[in-house]
Amino acid sequence: MDHLPDHLLSGYRNFMGGRYSTETQRYRDLAASGQKPMTMVIACCDSRAAPETIFDAGPGELFVVRNVANLVPPYQPDGGHHSTSAALEFAVQSLKVKHIVVLGHGRCGGIRAALDPAAEPLSPGDFIGKWMSMVAPAADVVSHNSMMTAGERQTALERISIRFSIANLRTFPCVKILEDKGRLSLHGAWFDISTGELWAMNRQSGDFERPELA
């Protein structure tokens, strides 16, 4: 059977013999009653930074949307196709999540591209370039800071972009109204792929801090 790559079929066999076999009833309950996650995570497409793995989440626990560099565009009801906005609308209005987490990560390729204006588009459509233009003003400021190393500039913009996305979340009326009523909380986090460290954004100061694990 070659309808799927061998490594995916092998992984599926492991899933059926492992997690599914031990959580069969949970999956059946979710199928019958629907999903009711309390948390939405807006994360990057990067294969190294999967929210379900980082937060050790089981089926039905997280509503996840992933895009290049975990960006949230501003509220723009212009009749276009907006996948992240559509997922956000569903999470807030239908699933009624209580928390939204914007999860960034180290060594993000989208952020690296934003810091390199001379980079050639990957295709004539330049979809990544257009998408990352949302953070172009911040990228321009960071990229011209000669007092920082390239790695420091990358980390800085990765974290700035998280605050940028949270600010854009508040441009959505449904988000702003519920947050003001105390029925929805917005959070930021940054994951270091190399060390496994997770940094949470202080909701008052905007600083990123290591949470206590003990």
So which heavy atom on [X] is nearest to which on [Y], and how close?
X	Y	answer
Asn70	Gly104	OD1-CA, 3.4 Å
Ala114	Met132	CB-CE, 4.0 Å
Ser165	Val72	OG-N, 3.0 Å
Gly106	Ile193	O-CD1, 3.5 Å
Ser161	Ile111	OG-CD1, 3.8 Å
Glu52	Val64	OE2-CG2, 3.5 Å

Hey, any chance [X] and [Y] share a hydrophobic cluster, counting ILVMFWY side chains that come within less than 4.5 Å of each other, even indirectly?
X	Y	answer
Leu9	Met16	no
Leu186	Trp199	yes
Phe172	Met134	no
Val102	Val92	yes
Val141	Met148	no

Applying side-chain contact (heavy atoms from CB on, under 4.5 Å), run through Arg48 and His105 and close with a yes or a no.
CA-CA 9 Å; Arg48 303 166 296 176; His105 68 92; 4.2 Å; yes
[X] atom [atom1], neighbour heavy-atom count above 12 within 6.0 Å:
X	atom1	answer
Ile54	CD1	yes
Phe127	CZ	no
Glu197	CD	yes
Tyr12	OH	no

From [X] atom [atom1] to [Y] atom [atom2], the distance as rounded to the nearest 0.5 Å:
X	Y	atom1	atom2	answer
Glu179	Ile166	CD	CD1	9.0 Å
Leu103	Cys44	CG	SG	9.0 Å
Tyr75	Leu88	OH	CG	11.0 Å
Cys108	Gln154	SG	CD	7.0 Å
Trp190	Glu209	CH2	CD	14.5 Å
Met40	Ile42	CE	CD1	4.0 Å

Plane angle bin for His99 and His187 - parallel if under 30°, tilted between 30 and 60°, otherwise perpendicular:
tilted
Parallel, tilted or perpendicular: which fits the ring planes of Phe90 and Phe63, with parallel below 30° and perpendicular above 60°?
tilted
Is the backbone N or O of [Y] less than 3.5 Å from a side-chain atom of [X], with the two atoms forming a donor-acceptor pair by type?
X	Y	result
Asn67	Leu71	yes
Thr149	Glu152	yes
Arg183	Lys98	no
Ser10	His7	no
Thr171	Asn168	yes
Thr155	Gly151	yes
Lys36	Gly60	no
Arg153	Asn145	yes

Go through Val175 and Leu184 one step at a time and tell me if the side-chain contact (heavy atoms from CB on, under 4.5 Å) criterion holds.
CA-CA 7 Å; Val175 171; Leu184 180 64; 3.9 Å; yes
Would you call Arg26 and Glu61 a salt bridge, using N to O less than 4.0 angstrom?
yes
Is the shortest side-chain N to carboxylate O distance from Asp180 to Lys176 below 4.0 Å?
yes
Minimum side-chain heavy-atom gap [X]-[Y] below 4.5 Å:
X	Y	answer
Cys174	Glu89	no
Phe55	Thr39	no
Leu62	Pro37	no
Gln35	Leu95	yes

For Ser194, which residues count as a side-chain contact (heavy atoms from CB on, under 4.5 Å) partner, sequence neighbours excluded?
Arg107, Asp192
Under 6.0 Å between ring centres, would you say that holds for Phe208 and Phe191?
no
Candidate pair Tyr27 and Arg19, rule side-chain contact (heavy atoms from CB on, under 4.5 Å), full reasoning
CA-CA 10 Å; Tyr27 278 96; Arg19 183 161 206 167; 4.2 Å; yes
